[in-house]
Amino acid sequence: MEKMSKKSALVVSAHSADFVWRAGGAIALHASQGYEVHVVCLSYGERGESARLWRSGNMTEAKVKQSRQEEAEAAARILGASIAFLDLGDYPLRADKETLFRLADIFRQVQPHFVLTHSVNDPYNYDHPLAAHLTQEARIIAQAEGYRPGETIIGAPPVYSFEPHQPEQCNWKPDVLLDISAVWDKKYAAIQCMAGQEHLWEYYTRVALQRGVQAKRNVGINSSTVISHAEGYQSLLPRVTEDLS
Ligand SMILES: [Zn+2]
């Protein structure tokens, strides 16, 4: 990956499909606005999120990983993002210091204007909060002048948590509703690349419609803005602005 000069965004996904369900709209929307969006999948989700592939029989871990990689690459292509896989394993996902440095180096290469990752809590999935933790820690390392001195450090890109599967149990509450109506077709096409998790296609369509209704309510029902689909995000850090409108 060459150093990016345009506006850019970094999406850190614990498993190879999370970025599609949870942030596919944001990725497609910003790609259509000219952002370079880079997705990092920390693992393929080969153990925990590939049940259908395992049930199909005659499977090996290598075959599951390959299939998950192909699905995720196809989805990223549709959404307009570049994608990389760190293959750290899942259930459990674990990362040593070198891995954290790899992620910090990606931050420095991408120089993201914003970052998307998982919720900080998730009692159903310990890989997801770990991905959020690694993302935040790598961001801080990439900001440090003393890490690989002489390299360009990163600024302070906002970090948003995308929507977990069980928001209430994860203490996740959206404070941003992103209107993804214009790119919903792309997101749904990317969702359909996830052949191993067909049971989630309709579920995440319903989530997008539900968030769309909430977004519409929050722009005012007299607004002429037509919103059909949205994604929810929770800011992990305060935004700095000179305009509160
Ligand atoms: Zn996951």
Side-chain angles (χ1 to χ4, degrees), residues 9-28 37-55 59 61 64-76 78-79 81 83-95 99-100 103 106 115-138 159-172 174 187-188 190-208 211 231-234 236:
L10 180 62
V11 183
V12 182
S13 183
H15 310 112
S16 62
D18 288 313
F19 73 95
V20 179
W21 319 117
R22 314 183 192 294
I27 295 167
V37 185
H38 187 58
V39 177
V40 176
C41 295
L42 300 181
S43 80
Y44 295 104
E46 61 270 21
R47 286 188 182 166
E49 296 180 5
S50 305
R52 198 175 149 137
L53 286 170
W54 285 113
R55 268 189 238 121
M59 262 301 156
E61 189 171 282
V64 170
K65 282 183 181 182
Q66 193 189 343
S67 176
R68 298 294 282 169
Q69 179 170 343
E70 285 166 5
E71 287 176 2
E73 283 172 343
I78 290 170
L79 298 172
I83 189 164
F85 302 88
L86 299 195
D87 194 13
L88 302 178
D90 72 325
Y91 286 51
L93 174 71
R94 290 289 181 270
T99 305
L100 206 42
L103 203 49
I106 292 170
V115 179
L116 306 179
T117 190
H118 291 266
S119 57
V120 180
N121 299 295
D122 190 339
Y124 299 96
N125 191 313
Y126 281 77
D127 294 355
H128 291 170
L130 180 61
H133 183 114
L134 292 169
T135 303
Q136 293 180 95
E137 197 169 5
V159 183
Y160 299 97
S161 286
F162 41 61
E163 181 156 358
H165 200 59
Q166 304 274 351
E168 295 87 348
Q169 273 65 39
C170 299
N171 293 319
W172 179 93
K187 176 164 179 176
Y188 194 63
I191 281 176
Q192 289 173 293
C193 294
M194 300 299 150
Q197 291 164 290
E198 200 173 341
H199 59 292
L200 292 176
W201 296 5
E202 197 209 332
Y203 179 84
Y204 278 102
T205 300
R206 290 202 305 273
V207 170
R211 295 295 176 206
E231 283 174 350
Y233 290 91
Q234 181 172 31
L236 294 184

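Residue indices begin at 1 and follow the sequence shown. Predicted, not measured: the structure shown is a model, and the values here were computed from it. As the structure lists them, so they are numbered: ligands from 1, and atoms in each ligand from 1.
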> Between the side chains of Y160 and Q234, is a donor N or O closer than 3.5 angstrom to an acceptor N or O?
Replying inline: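 The answer is no; no qualifying pair exists.
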> What's the OD1-the Zn ion (ligand 1)-ND1 angle here (D18, H15), rounded to 10 degrees?
Replying inline: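 Reported to 10°, the angle equals 140°.
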>> Tell me if the aromatic rings of H165 and Y124 count as close, with their centers under 6.0 Å from one another.
In response: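 No, the ring centres sit 6.0 Å or more apart.
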> Looking only at atom types and distance, does a side-chain atom of D90 sit under 3.5 Å from a main-chain N or O of R47, one as donor and one as acceptor?
Replying inline: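 Yes; at least one donor-acceptor contact below 3.5 Å.
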Do any of the N, O or S atoms of [X] sit under 2.8 Å from the Zn ion (ligand 1)?
| X | answer |
| --- | --- |
| H128 | yes |
| E49 | yes |
| D90 | no |

> Would you call the rings of F162 and H118 parallel, tilted or perpendicular if under 30° counts as parallel and over 60° as perpendicular?
Replying inline: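 Rings of F162 and H118: perpendicular, over 60°.
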